[in-house]
Undergrad: 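Dumping the structure here so I can ask a few things about it.
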There are 2 protein chains.
Amino acid sequence: MQKPRQTTIIDIARALRVSPSTVSRALHNHPSISAATKRAVLEMAEKFDYQPNLLALSLLNKKTGIIGIVVPEITGYFFATVISGVQDMVSSAGYKLLICQSNESFEEEKKLLQDMALLRVDGVLISPTFRTKTFDHFDRLKNAGIPLVIFDRDCPNYKADKVLVDSYDGAYQAVEYLIKTGRQHIAHIAGPIAFPTFKQRLDGYLHAHYDNNIPIRSELIVYSDGFSSDYGVDALEKLMICNKKLDGIFAVNDAVAIGAMRVIREKGYRIPEDISIVGFDDESYAQYYFPSLSTVWQPVYELGMLSAKILLDHFANKEPRESYRYEVLKPELVVRDSSPPLY
Amino acid sequence: MQKPRQTTIIDIARALRVSPSTVSRALHNHPSISAATKRAVLEMAEKFDYQPNLLALSLLNKKTGIIGIVVPEITGYFFATVISGVQDMVSSAGYKLLICQSNESFEEEKKLLQDMALLRVDGVLISPTFRTKTFDHFDRLKNAGIPLVIFDRDCPNYKADKVLVDSYDGAYQAVEYLIKTGRQHIAHIAGPIAFPTFKQRLDGYLHAHYDNNIPIRSELIVYSDGFSSDYGVDALEKLMICNKKLDGIFAVNDAVAIGAMRVIREKGYRIPEDISIVGFDDESYAQYYFPSLSTVWQPVYELGMLSAKILLDHFANKEPRESYRYEVLKPELVVRDSSPPLY
DNA sequence: CTGTTAGCGCATTCAT
DNA sequence: ATGAATGCGCTAACAG
């Protein structure tokens, strides 16, 4: 496929027997340019279907107008929605968005950031993989003058702008609510605790127990290797095997919750009468599930918007910033039919 | 934020008192270069943490290594999964992916394609908005030598490489199956028929009736303005109001189906005994719904992979291709508990 | 008001 | 084996 050479300002210049600079000025309505030549240039540009070459401009201005975002995966409600928020924010500021997924691979994450540095993106948003424990690849970006904002997944030992959701608080709300409705034997289907987020949800579960003087029964906590619905099925089967006393479940997310609910139903228990259950995420299907699923809603779109906003602020302030932003958004418990109302 | 000037081959050249060309050659292990200088250059490059400037290269080579993809929205299982397939394919070929969403806005779509042209992406994948009826913006890309592949949403009047899913066939399978299980009064909750895809599903519904000699009852077809679960609720309420005879439903997608199921249950009907229902998409939650949802699975990831593959093939063949590719992937009916098994 | 020059970072002739 | 010169497309500083 032979690329037809694009028309450049030089072509227009030649056609009009003027200099390239004149053409450039006409195209940008520079003050000092005669109306006549300007009109002529614009006409010719139109005729040639002239398109400025952004690469040349970027090279010149050291600014590409591209913002990069790296997420562990784009399939799935959470990150897709974050991206949506980011997209809306950056495109309203005239930036383009380069979206990449690391697939939870640290090597891939390094490579992607490297690529972005080479491409000279103007800034980067990143939600690190759960395997990301060293941050040299982040520092390299910063050293190259590319601002970085971390979102959703915290890197406790690393200093940077961060926008997070308080998973601990969401979990605490959910579990305390279960307790307040009279549940004493609440299981937790935990996600892989290598994920700080899932660790926080576990912590929320534990502390809600402490604070309400309910003893923790470690046999009620199931640690899963993943967080899709299948794991909910597995976890429930484990819990059911020993026929443990059980009247409530806090699942690490909605996908796991619906997997668990299937097993509960198959075993003949009623939801929420025998066992009530609360998920996390408020996926689009949660309110349509049967029974509709109580869950913890997170301000996902706002998370994206805010992260992007913070990055954009970097471009506005020419001065390097004195300190890092640290924003924590609050989730909200949404009570539906899978758990009894609080009288 | 002052950008620290990046190190260039010139810096290395100066430090070593050689010419930039020598450095360039050393970096690319050009044949004619002494082992000594090569080593020295590599060492210095390491020391300076030299990063080649992709913009300069792109300008020089007229090739950015970026592939653009435009989708109507990224939130949602379908396009997120397509993107995932595309991503895997293009990144294995060393390309980067620029993902944009048009939000079903034709103006936005035009602007995005324009941006991509200016950025000189090497190729574009696009799933057009349902409002896209003219194709000048596609032609401009082609004229600029940027290959284009259309996926999922057909543009019947436009010649281009296309990768589609046979929605008609999927719908036909679903409805014929309902008929074979003895259903005679099958409603269809249609999506906005401005979408060719949804129109095809409607057609599949109709033809399955014709071919099986079941009369169409137009009052059993509800046309929705959208395709989220809310519309499923609305549609069912409309159907129920007149207390029409009804023993089966083919919903335009799974989201609509679960909205509909909620109403069916609230009205006291049993699924599938009284009313059986089949959706479309096989969303991740479909098999965990209660009752688990019969639906039509689409090869979504493959759709992404294949679309990307076709685009990549363009880069391999230097010759302009003689004809357009036209690939249609087949969906498959997945029978679960929301419809009776076929004896 | 317009033309000339220079340079963004790099690879690639063509010399030496 | 290395250096100098050229140009990718464009803008901005400096001359007229």
Side-chain angles (χ1 to χ4, degrees), chain A residues 2-42 44-45 48-66 117-122 144-145, chain B residues 2-42 44-45 48-66 117-122 144-145:
Chain A
Q2 195 56 26
K3 297 222 178 186
R5 215 182 58 75
Q6 63 173 308
T7 43
T8 72
I9 53 171
I10 304 202
D11 299 320
I12 301 182
R14 265 202 286 265
L16 259 44
R17 307 180 162 283
V18 296
S19 81
S21 359
T22 304
V23 176
S24 171
R25 282 188 274 249
L27 257 22
H28 298 291
N29 39 276
H30 188 91
S32 55
I33 187 100
S34 81
T37 46
K38 182 168 166 182
R39 193 158 10 87
V41 168
L42 258 35
M44 193 59 73
F48 282 2
D49 190 26
Y50 167 76
Q51 317 260 62
N53 186 321
L54 279 198
L55 293 174
L57 288 181
S58 302
L59 185 56
L60 212 48
N61 303 331
K62 298 179 175 316
K63 170 164 188 343
T64 54
I66 300 178
L118 298 187
L119 233 184
R120 300 299 192 273
V121 299
D122 293 337
Chain B
Q2 196 57 22
K3 297 222 175 183
R5 215 181 59 74
Q6 63 173 306
T7 46
T8 72
I9 53 170
I10 303 200
D11 298 321
I12 300 181
R14 264 202 287 265
L16 258 45
R17 308 180 159 283
V18 296
S19 80
S21 355
T22 304
V23 176
S24 170
R25 282 188 274 250
L27 258 22
H28 294 80
N29 39 275
H30 187 90
S32 56
I33 187 100
S34 82
T37 46
K38 181 169 166 181
R39 192 159 9 88
V41 167
L42 259 34
M44 193 60 73
F48 282 1
D49 190 27
Y50 166 76
Q51 315 260 68
N53 185 320
L54 278 197
L55 293 174
L57 288 182
S58 301
L59 185 57
L60 212 49
N61 302 331
K62 299 180 172 314
K63 170 163 188 342
T64 54
I66 301 179
L118 298 186
L119 233 184
R120 300 299 194 273
V121 300
D122 293 337

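Worth knowing before you read on, the calculation uses all heavy atoms, side chains too, and leaves out hydrogens, waters and symmetry mates. Each chain gets a letter, A, B and so on, in the order the sequences are listed, and its residues count up from 1. It should be emphasised that the depicted structure is a prediction, and the values quoted were computed from it without experimental measurement.
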Undergrad: Of the residues in residues 7-19 of chain B, which ones touch DNA chain D at a heavy-atom distance under 4.0 Å?
TA: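 Here the set is B:R17, B:V18, B:S19.
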
Undergrad: Nearest whole angstrom, please: distance from the P of D:dG9 to the CG of A:L59.
TA: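 Rounding to the nearest Å, CG of A:L59 and P of D:dG9 are 12 Å apart.
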
Undergrad: Heavy-atom distance under 4.5 Å between the side chains of B:L118 and A:L55, does that happen here?
TA: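 With C-beta onward as the side chain, the pair stays apart.
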
Undergrad: Send over the distance from B:N53 CG to C:dC8 C1', rounded to a whole Å.
TA: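 Those two atoms, CG and C1', are 8 Å apart.
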
Undergrad: Tell me the interatomic distance from B:L119, atom CG, to D:dG9, atom P, rounded to whole angstroms.
TA: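 Roughly 16 Å, once rounded to whole Å.
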
Undergrad: Any side-chain N or O of A:K63 under 4.0 Å from OP1/OP2 of C:dC8?
TA: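 Result: no.
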
Undergrad: Which donor-acceptor pairs under 3.5 Å do the side chains of residues 10-17 of chain B make with protein atoms, sequence neighbours left out?
TA:
{"from": "B:D11", "atom 1": "OD1", "to": "B:R5", "atom 2": "NH2", "distance (Å)": "3.0"}
{"from": "B:D11", "atom 1": "OD2", "to": "B:R5", "atom 2": "NH2", "distance (Å)": "3.1"}
{"from": "B:D11", "atom 1": "OD2", "to": "B:T8", "atom 2": "N", "distance (Å)": "2.7"}

Undergrad: What about B:S21, does its side chain sit under 3.5 Å from the base of C:dA11 through a donor-acceptor pair?
TA: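 Donor-acceptor pair under 3.5 Å: no.
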
Undergrad: Is any side-chain heavy atom of A:V23 less than 4.5 Å from a side-chain heavy atom of A:V18?
TA: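 Contact flag for A:V23/A:V18 side chains = yes.
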
Undergrad: Under a 4.0 Å heavy-atom cut-off, which of residues 23-32 of chain B touch DNA chain D?
TA: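 Per residue number, the list reads B:R25, B:S32.
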
Undergrad: CG/A:L60 to CG/A:L54 distance, rounded to the nearest 0.5 angstrom?
TA: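 A:L60 atom CG to A:L54 atom CG measures 12.0 Å (nearest 0.5 Å).
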
Undergrad: Can you find a side chain N or O atom of A:S34 that sits less than 4.0 Å from OP1 or OP2 on C:dC1?
TA: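 No, A:S34 has no side-chain N/O under 4.0 Å of OP1/OP2 on C:dC1.
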
Undergrad: Which atom pair, heavy atoms only, marks the closest approach of B:Q51 to A:A117?
TA: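 Between these two residues, the closest heavy atoms are NE2-CB, 4.3 Å.
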
Undergrad: Does B:L27 reach the side chain of B:Y50, with side-chain heavy atoms less than 4.5 Å apart?
TA: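 Yes; the side chains approach each other to less than 4.5 Å.
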
Undergrad: Considering every strand and a 4.0 Å limit on heavy-atom distances, what is the contact class for B:P52: base, sugar-phosphate, or nothing?
TA: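 Result for B:P52 = sugar-phosphate.
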
Undergrad: Using whole Å, what does the distance between atom P of nucleotide C:dG7 and atom NZ of A:K62 come to?
TA: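 Computing the A:K62:NZ to C:dG7:P distance gives 13 Å.
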
Undergrad: Which heavy atom of A:L42 sits nearest a heavy atom of A:A26, and at what distance?
TA: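 Smallest heavy-atom distance, with atoms named: CD1-O, 4.0 Å.
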
Undergrad: If I take atom CG in residue A:L57 and atom P in nucleotide D:dG9, what distance separates them, rounded to the nearest angstrom?
TA: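 In whole Å, D:dG9 P and A:L57 CG are 12 Å from each other.
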
Undergrad: Looking at side-chain heavy atoms only, is the closest gap between B:V41 and B:I33 below 4.5 Å?
TA: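 The answer is no, as the side chains (C-beta and beyond) never meet within the 4.5 Å cut-off.
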
Undergrad: Verify, without hydrogens or angle tests, whether B:N61 (side chain) and B:K63 (backbone) share a donor-acceptor contact under 3.5 angstrom.
TA: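 Judged by distance alone, no pair lies under 3.5 Å.
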
Undergrad: What is the distance, to the nearest angstrom, from the CG atom on B:L60 to the P atom on D:dG7?
TA: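 Atom CG in B:L60 sits about 13 Å away from atom P in D:dG7.
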
Undergrad: Figure out the CG/C1' separation between A:N61 and D:dG9, and round it to whole Å.
TA: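 Whole-Å distance recorded here is 12 Å.
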
Undergrad: Could you tell me how far apart B:L54 (CG) and C:dC8 (P) are, to the nearest whole angstrom?
TA: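 Result: 18 Å.
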
Undergrad: Base, sugar-phosphate or nothing for A:S58? Non-hydrogen atoms, less than 4.0 Å.
TA: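 Touches nothing.
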
